[in-house]
Q: 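Attaching a single structure in structure tokens format; questions to follow.
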Amino acid sequence: MDSELLVIPGDLISVKFDANNVVLGPGVCISKKDNESIIPTSAGILQLQEKKNQNYIYIESNNKRYIPSMGDYVVGTVTGVFGDYFKISLSNFQSSVILSTMAFPNASKKNRPNLKNGDLVYARVSSCFKDIDVEIECIDPTTGKDGGFGLLEGGYVFEVKLGYARWLFFDKQNPLLEILASKCKFEIAIGINGKIWLKTDDLKTTLACSTIIENCQFLKQQDFNTEINKVFKKLNI
Amino acid sequence: MSSGGSDELIYEAKLSVLNRVDGSAQLSISSRKDLDEGELGIICSITGPIESKARQESPQQSNLEISVMPHIGVASTREKLLEYKLKLVLDRVIDSFEYPRQLIQIVLQILNKPNYEDDTTIGSDDMNDFFSLNDLNGCLISTYLALIDSGISMKSSFLSSCCIINSNNQLTTDFNKNDLINSKSAHLIVYDLRNGKCNNLIYSESIGEFDEQIFFKNVLDKCKKEIENLNTKVIKNCITEKFKNDYIWKA
Amino acid sequence: MPKGIDVSNVAKDFELESLKQGLRLDGRKLNEFRDVEINIGNSYGSVDVKLGKTRIAVRISAEIVAPFEDRPFEGLFMINTEISPMASAMFESGRQSDEEILISRLIEKAVRRSNALDLESLCIIAGEKCWSIRADIHYLDYDGNFADISCIGVLCALLHFKKPDITINEHQEIIVHPINERVPVPLSILHIPICVTFAFFNPNDVEENIKGDSNAELIVVDPTMGEELLAYGSLTLTMNKNRELVQISKAGGLSIDAMVIMDCSNLAYEIACRITDQIREAIKADDAKRAEKRLEIRL
């Protein structure tokens, strides 16, 4: 993290960087006036990072509406079953995405995956252009195996804000998940689209864990422990 | 809740007030010197980009659906005109090429109006234009705040200000009914902001008779100052507070 | 499912299982009503109500019109329940959804037809002039149960509203006195109806429900949006503190045992009493605040 600056759309970013190897992320674009300066298009915290000789610049903000982007791991609901693809919904009111029946490990014309309307799947965004339908796949492209993708059965699914979901997903030693893991065993699939699937051995623990994850969005880290104890106590676990 | 303002008006603004939508903001503008005047209270909600109906689809750009709901009664031609004017400004500001074929749904609900608008003792028919201008001002500011909250791509930030030239040839942003009846003209000015300073004029609407020089020198200056003041004292704090709350779990 | 909202089988199954074990997703018991929060505004008849995350704003306005020809001694009262996409994108602007029509009819029966507002008290000159009271309900945030919160909001706003004082001079002309000249007059509210909505869930299959004797149907009070989307039918009872059943509405849906309605009525009565007291408290507190302010200005 090189800098922590709150910007709003239209502000001029006065940071010097080599224009040749800059990768623009979400929330910034090139000004049409001089084709050189970079302006933010949404409000948020400006992030400038340097990794392997590439400069990354983007805006970090905690929104609710998910915009599909390449390589994201997402949790979706099947809304339609067609000849050679499924229609999946990643968030309410938004256009559905396509999951091809061939985008599974060991897929063939005779071996169709058995998904029906309402099923929950964990998938990866494989193709994402603004002008055509977004496509997702349930196969790890590097290994050809399922890689944890596919049908999610049982458990419970709930929604959180996108920035919080990213923090749960990318932070390998996430403090909240670590404390929770010390209290009970659970299986979790975090979607970058803000949907989280959670499963434990019994219903009460599943309800408790999901309530905790939802509520901790509004608490400081120091209050996580008290919240966890409060919820477990209320459900008599 | 962030509040502040100039020596004439008090603004109160809050982001993320609604749960079901992608972005929301609540705004209230009241007079600093006359606290019993009541306030102009507006709440704005934004959902998008979402799937639009086939007939509303635009091949390369996003479509804006704006609804303004009055605090009493059903939406009429008056609200349709407000929606049209809002669309004129928002079409310039929202980066519609970023979300082709999709819909951005904006709903504005006027919750409270200043008390002087209810006073029907003096003919209100002529005053409707003035009231609409004031409403448009509130709608523009609350829409901007809701857009920030929703994270929709914008080409620039914008804010607006409304002022009148009263019978003593003074410019003021704080007016009640008597001021409006005796005033010569009223003006609404929308500027885009760059690093906290007014940059380009986006929209301007005026009612009444006024001198060209006074408009280009005094009115624009007065509104610029009001906008920059609003930005530094209220909007910035509002947005900072939103981000502090959004990332409360990080610390 | 309303257009646009996709609920997965995982969510549906989990919710039903939890209800079978007597647990609701927001931590309430099956017979627990959410906390009601009432905020009274500065103008008369301006009220904001919150029921959990569901939120509405109600505004009352009055004007003088001619009464209906066949009812010369009564005033007019109308309630506007238009839901906009602000509450949730599943409500379309301009078009009346099924939900909207049902709420509109419910409020019509519970508040208008039950004569909660005495229409005869709105008469000014019989056959010529009367007050027309209008209640506009603005739906701001949807988390289930718009019906109950609308009723609470309208009643609270009507109780708070005061119409301008009027005098009729010798030429049969009506003089309306501004509220800063003469103290405005409250409306005549005969009783306070409170709606309580119950949602039904079927833990077994349809055949068991129709033919079986098990009576295992699950009933929850004050459903949230998630519960409303998965419920198979609902019942709305409107009661007042006088233990009167004002209206009952069970439009199709799951068949339930008739005796269950007695239990629901008892629960609805308790809830109605509690909420009526809360409304009266809020109005009293606001009156006290206004009186204090008037005193301050005089001093």
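Throughout, protein chains are lettered first and strands after them, A, B, ... in sequence-line order, and every chain is numbered starting at 1.
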Q: Report which part of A/Asp131 has an atom under 4.5 Å of a heavy atom belonging to chain B: side chain, backbone, both, or neither.
A: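 Both parts, backbone and side chain.
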
Q: Are A/Lys161 and B/Asp246 within salt-bridge range, i.e. N to O under 4.0 Å?
A: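 Yes, charged N to carboxylate O under 4.0 Å.
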
Q: Taking atom CZ as the centre, does A/Phe129 end up with more than 12 heavy-atom neighbours from other residues, nucleotides or ligands that are less than 6.0 angstrom away?
A: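 Count not over threshold, so no.
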
Q: Any idea which heavy atoms bring B/Phe243 and A/Leu6 closest together, and the distance?
A: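 The answer is CD1-CD1, 3.6 Å.
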
Q: Are any side-chain N or O atoms of B/Tyr247 and backbone N or O atoms of A/Asn62, one a donor and one an acceptor, separated by less than 3.5 Å?
A: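 Yes, the answer is positive, given that a donor and an acceptor are paired below the 3.5 Å cut-off.
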
Q: Determine the option with the most heavy-atom pairs under 4.5 angstrom with chain B, choosing from A/Lys130, A/Lys220, A/Arg65, A/Gln94.
A: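 Of the candidates given, the most pairs with chain B belong to A/Arg65.
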
Q: Under the ring pair (Phe, Tyr, Trp, His ring centres under 6.0 Å) rule, collect the residues that match up with B/Tyr144, sequence neighbours excluded.
A: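 Scan of B/Tyr144 (ring pair (Phe, Tyr, Trp, His ring centres under 6.0 Å), adjacent residues dropped) gives B/Phe158.
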
Q: Please check if atom NZ in B/Lys155 has more than 12 non-hydrogen atoms from other residues, nucleotides or ligands closer than 6.0 Å.
A: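 Count over threshold, so yes.
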
Q: Is it the side chain or the backbone of A/Phe218 that comes within 4.5 Å of chain B heavy atoms, both, or neither?
A: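 Answer is backbone: N, CA, C or O of A/Phe218 sit under 4.5 Å from chain B.
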
Q: Where on B/Ser150 is there a heavy atom nearer than 4.5 Å to chain A: the side chain, the backbone, both, or neither?
A: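 Backbone of B/Ser150 only, per the 4.5 Å heavy-atom cut-off to chain A.
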
Q: Non-hydrogen atoms of chain A under 4.5 Å away: do they reach the side chain of B/Leu147, the backbone, both or neither?
A: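 For B/Leu147, no heavy atom lies under 4.5 Å from chain A.
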
Q: Using only atom types and a distance under 3.5 Å, with no angle test, would you say the side chain of B/Ser157 pairs donor to acceptor with the backbone of A/Pro9?
A: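 Side chain of B/Ser157 to backbone of A/Pro9, a donor-acceptor pair under 3.5 Å: yes, one is there.
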
Q: Given a strict heavy-atom distance threshold of 4.5 Å, which part of B/Asp192 is in contact with chain A: side chain, backbone, both, or neither?
A: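 Answer is neither: B/Asp192 stays 4.5 Å or more from chain A.
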
Q: Which one wins on heavy-atom pair count under 4.5 Å against chain B: A/Ser95, A/Ala43, A/Cys216?
A: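 If we count pairs closer than 4.5 Å to chain B, A/Ser95 comes out on top.
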
Q: Looking only at heavy atoms and a cut-off of under 4.5 Å, which of A/Ile67, A/Asp171, A/Asp11, A/Leu176 has the most pairs with chain B?
A: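 Max contact count across the listed options: A/Asp11.
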
Q: Counting only N and O atoms by type, is there a donor-acceptor contact under 3.5 Å from the side chain of A/Gln221 to the main-chain atoms of B/Lys250?
A: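 Yes; at least one donor-acceptor contact below 3.5 Å.
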
Q: About how many Å separate CZ of A/Phe93 and CG of B/Asp22, when rounded to the nearest 0.5 Å?
A: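 These two atoms lie 9.5 Å from each other.
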
Q: Check whether B/Gln60 gets within reach of chain A through its side chain, its backbone, both or neither, counting any heavy atom under 4.5 Å.
A: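 Nothing of B/Gln60, per the 4.5 Å heavy-atom cut-off to chain A.
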
Q: Counting only non-hydrogen atoms closer than 4.5 Å, does B/Val93 touch chain A with its backbone (N, CA, C, O), its side chain (CB onward), both, or neither?
A: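 Contact with chain A is absent: no heavy atom of B/Val93 under 4.5 Å.
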
Q: Nearest 0.5 angstrom please: B/Trp249 CH2 to A/Trp167 CH2, how far?
A: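 Answer for the CH2-CH2 pair, B/Trp249 versus A/Trp167, is 6.5 Å.
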
Q: Check whether B/Arg101 gets within reach of chain A through its side chain, its backbone, both or neither, counting any heavy atom under 4.5 Å.
A: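 Contact with chain A involves the side chain of B/Arg101 alone.
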
Q: Taking atom CZ of B/Arg92 as the centre, does the number of heavy atoms from other residues, nucleotides or ligands within less than 6.0 Å exceed 12?
A: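 No, not enclosed.
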
Q: Report the option among B/Pro100, B/Pro59, B/Ser52, B/Ser16 that has the most heavy-atom pairs separated by less than 4.5 Å from atoms of chain A.
A: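 Greatest number of close heavy-atom pairs with chain A: B/Pro100.
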
Q: Which atoms of B/Thr240 come close to chain A, meaning under 4.5 Å heavy atom to heavy atom: side chain ones, backbone ones, both, or neither?
A: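 Both parts, backbone and side chain.
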
Q: Which one of A/Ser42, A/Ser61, A/Pro40 has the most heavy-atom pairs closer than 4.5 Å to chain B?
A: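 Option with the greatest count: A/Ser61.
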
Q: Ignoring hydrogens and geometry, is there a side-chain-to-backbone donor-acceptor pair from A/Lys64 to B/Gly23 under 3.5 Å?
A: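 Not at all, since once roles are kept as given, no pair shorter than 3.5 Å links the two residues.
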
Q: Highest number of heavy-atom pairs under 4.5 Å with chain B: which of A/Val7, A/Ile8, A/Leu12, A/Ile59?
A: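 That would be A/Leu12.
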
